[in-house]
S.K.: 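After the structure tokens below, expect a handful of questions from me.
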Amino acid sequence: MTENQWIGQFKRQLSPLPAKEREQAAAYYRELFADRKEAGAEEEAVAAELGSPQEAAQKVLEESGVQAKASSPARTVGGVLLMIFASIPAAIVLAALGAAGIGLLAAGVACAAAGLLMTVYSFVLMAMEGFAGGLLAQAGIGLGLAAVGLLLLPAFWAAAKGLFYLCKKVIAATAKLIGGKKEA
């Protein structure tokens, strides 16, 4: 186990303590790691020498007069129910946001493609049937539609990126809700 892993687990076990006390305890063990590494010991050897982070945290909690939190079956059942009821709506929101982002991009591409096809079709008709004002107007409308589609693509791209950013935030919020706060 590396120093960072050991300290991370140690701090998580100290969650009943105030943040300042957790940091002081972690600083003490970081100093122990540094001293032993300076003396030539490997990180993993120092971690093994110090014992498990849970045991060290238990000692600190006992010295502070704080009882460690015990996980009860009720908390476990509640955690499972929370995970189920938080995951289902989050999955629906993610699917909707992802579909909206993809739909926006597809709309921009479809608008540009439809405009270009309309223009090409108009010119083909003019070549086959002869010049007509209506066909020329139709070609102009097609070019305009293609231009609008191409102009909207960057905005649609930015909106899609924003929606996928929201997806990331929903995933993080759901993970935090389900797993609880993580102390590093």
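Below, all heavy atoms of this structure are taken into account, side chains as well, without hydrogens, waters or symmetry copies.
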S.K.: Return the CD1 to CG distance between Ile92 and Leu97, rounded to the nearest 0.5 Å.
M.R.: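 One gets 12.0 Å once the value is rounded to the nearest 0.5 Å.
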
S.K.: Test: ring pair (Phe, Tyr, Trp, His ring centres under 6.0 Å). Region: residues 24-49. Which pairs qualify, not counting sequence neighbours?
M.R.: Trp6-Tyr29, Trp6-Phe33, Phe10-Tyr29

S.K.: State the CG-CD distance between Leu14 and Glu23, to the nearest 0.5 angstrom.
M.R.: 10.0 Å

S.K.: If I compare all heavy atoms of Thr119 with all of Gly142, which pair ends up nearest, and what's the gap?
M.R.: OG1-C, 3.1 Å

S.K.: Minimum heavy-atom separation for Gly101 and Ala160, please, with both atom names.
M.R.: O-CB, 3.6 Å

S.K.: So, for Ala146 and Ala112, which heavy atoms are closest and what is the spacing to 0.1 Å?
M.R.: CB-O, 3.6 Å

S.K.: Within the 4.5 Å heavy-atom criterion, are Arg30 and Ile7 side-chain neighbours or not?
M.R.: yes

S.K.: If we only count heavy atoms from C-beta on, is the Leu152 to Cys111 side-chain gap below 4.5 Å?
M.R.: no

S.K.: Going by the salt bridge (charged side-chain N to carboxylate O under 4.0 Å, His left out) test, which pairs reach into residues 45-63, not counting sequence neighbours?
M.R.: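 Salt bridge (charged side-chain N to carboxylate O under 4.0 Å, His left out) check on residues 45-63 returns Arg36-Glu49.
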
S.K.: Any donor-acceptor pair under 3.5 Å linking the side chain of Gln5 with the backbone of Thr2?
M.R.: yes

S.K.: Of Met1, Gln58, Arg12, which meets side chain to side chain contact (heavy atoms under 4.5 Å, CB included) against Pro53?
M.R.: Met1

S.K.: Would you say the side-chain atoms of Arg22 pair up with the backbone N or O of Leu17, donor to acceptor, closer than 3.5 Å?
M.R.: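 Looks like yes, one N/O pair under 3.5 Å.
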
S.K.: Members other than Ile141 in its cluster, when Ile, Leu, Val, Met, Phe, Trp, Tyr link by side-chain heavy atoms under 4.5 Å?
M.R.: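 Besides Ile141, the hydrophobic cluster comprises Met118, listed by chain and residue number.
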
S.K.: With a 6.0 Å cut-off (strictly less than), is the heavy-atom count around NZ of Lys37, excluding the residue itself, greater than 12?
M.R.: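 For Lys37, atom NZ is crowded (more than 12 foreign heavy atoms under 6.0 Å).
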
S.K.: Determine which pairs satisfy ring pair (Phe, Tyr, Trp, His ring centres under 6.0 Å) with at least one residue from residues 151-170, sequence neighbours left out, and list them in order.
M.R.: none

S.K.: For Leu125, which fellow cluster members are found when Ile, Leu, Val, Met, Phe, Trp and Tyr are connected by side-chain heavy-atom distances below 4.5 angstrom, either directly or through intermediates?
M.R.: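 Cluster partners of Leu125: Tyr121, Phe123, Met126, Phe131, Leu135, Leu136.
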
S.K.: Is the backbone N or O of Glu3 less than 3.5 Å from a side-chain atom of Glu43, with the two atoms forming a donor-acceptor pair by type?
M.R.: yes

S.K.: Can you list the residues that meet the side-chain contact (heavy atoms from CB on, under 4.5 Å) rule with Val120, with sequence neighbours excluded?
M.R.: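 Testing Val120 for side-chain contact (heavy atoms from CB on, under 4.5 Å), a comparison that skips the adjacent residues, returns Val124.
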
